[in-house]
Amino acid sequence: RVAGLSPKLPLRRNKVDGFALNTTYQEVIQQNLKNLVLTSPGERMMDPEFGVGIRNFLFEQNYIGLHNDIEDRIRTQVSIYMPFVTIERVTFSEDEASMVTNQLNVAIEYSVDTLAIFDLLDISVDLS
């Protein structure tokens, strides 16, 4: 008997199922979207084009054009690897602390019409 749809990443032990599991499609989609955004191109075996590589943007000059580049990359990768997901909005939050620590905060609002899902993925990327 399978209790879940996929393992939660990073892998964690669970006394009930052996490993923590994603039990809804919403959890699976959010995990897959997060992996797509965090994976750098060339990092995934057998598919060097996969991934947004958001960490690669940490040392870029922070300006509106950079945000547009990141958003374009997110939208392009989602259209290729997760075409059932619609990106509704991508926003960047900036404060003085995140600029000092070289942190990038991105919120991705997305929907999946066939499953009536509307969700938010909030990612903070820093040097750690």
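Below, all heavy atoms of this structure are taken into account, side chains as well, without hydrogens, waters or symmetry copies.
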Listed partners of [X] passing side chain to side chain contact (heavy atoms under 4.5 Å, CB included), at least two apart:
{"X": "Leu120", "answer": "Ala107, Glu109"}
{"X": "Phe92", "answer": "His67, Ile70, Val90, Leu104, Val106"}
{"X": "Gln26", "answer": "Thr24, Ile117, Asp119"}
{"X": "Ser6", "answer": "Asn22, Val28, Gln31"}

Quick one: list whatever passes salt bridge (Lys or Arg N to Asp or Glu O under 4.0 Å) with Glu27, sequence neighbours left out.
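Residues passing salt bridge (Lys or Arg N to Asp or Glu O under 4.0 Å) with Glu27: Lys8.
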For residues 41-52, which side-chain N or O atoms pair as donor and acceptor with protein atoms under 3.5 Å away, sequence neighbours left out?
{"from": "Glu43", "atom 1": "OE1", "to": "Ser40", "atom 2": "N", "distance (Å)": "2.8"}
{"from": "Asp47", "atom 1": "OD1", "to": "Tyr81", "atom 2": "OH", "distance (Å)": "3.0"}
{"from": "Asp47", "atom 1": "OD2", "to": "Tyr81", "atom 2": "OH", "distance (Å)": "3.0"}

Which pairs pass salt bridge (Lys or Arg N to Asp or Glu O under 4.0 Å) with one or both residues in residues 63-86, sequence neighbours excluded?
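Sorted pair list: Glu71-Arg75.
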Going by the salt bridge (Lys or Arg N to Asp or Glu O under 4.0 Å) test, which pairs reach into residues 28-40, not counting sequence neighbours?
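Those involving residues 28-40 do not exist here.
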Side chains of Asn105 and Ile123: closer than 4.5 Å at any heavy-atom pair?
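Side-chain contact under 4.5 Å: no.
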Just wondering, do Val112 and Phe118 contact through their side chains at under 4.5 Å, heavy atoms?
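Contact flag for Phe118/Val112 side chains = no.
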Sequence neighbours excluded, which residues qualify as side-chain hydrogen bond (donor to acceptor under 3.5 Å, both in side chains) partners of Thr91?
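Here no residue qualifies.
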Thr86: partners by side-chain hydrogen bond (donor to acceptor under 3.5 Å, both in side chains), with sequence neighbours left out:
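Checked Thr86 against side-chain hydrogen bond (donor to acceptor under 3.5 Å, both in side chains); zero matches.
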Shortest non-hydrogen contact between Val125 and Arg55, atoms and distance:
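Nearest heavy atoms, Val125 then Arg55: CG1-CG, 3.3 Å.
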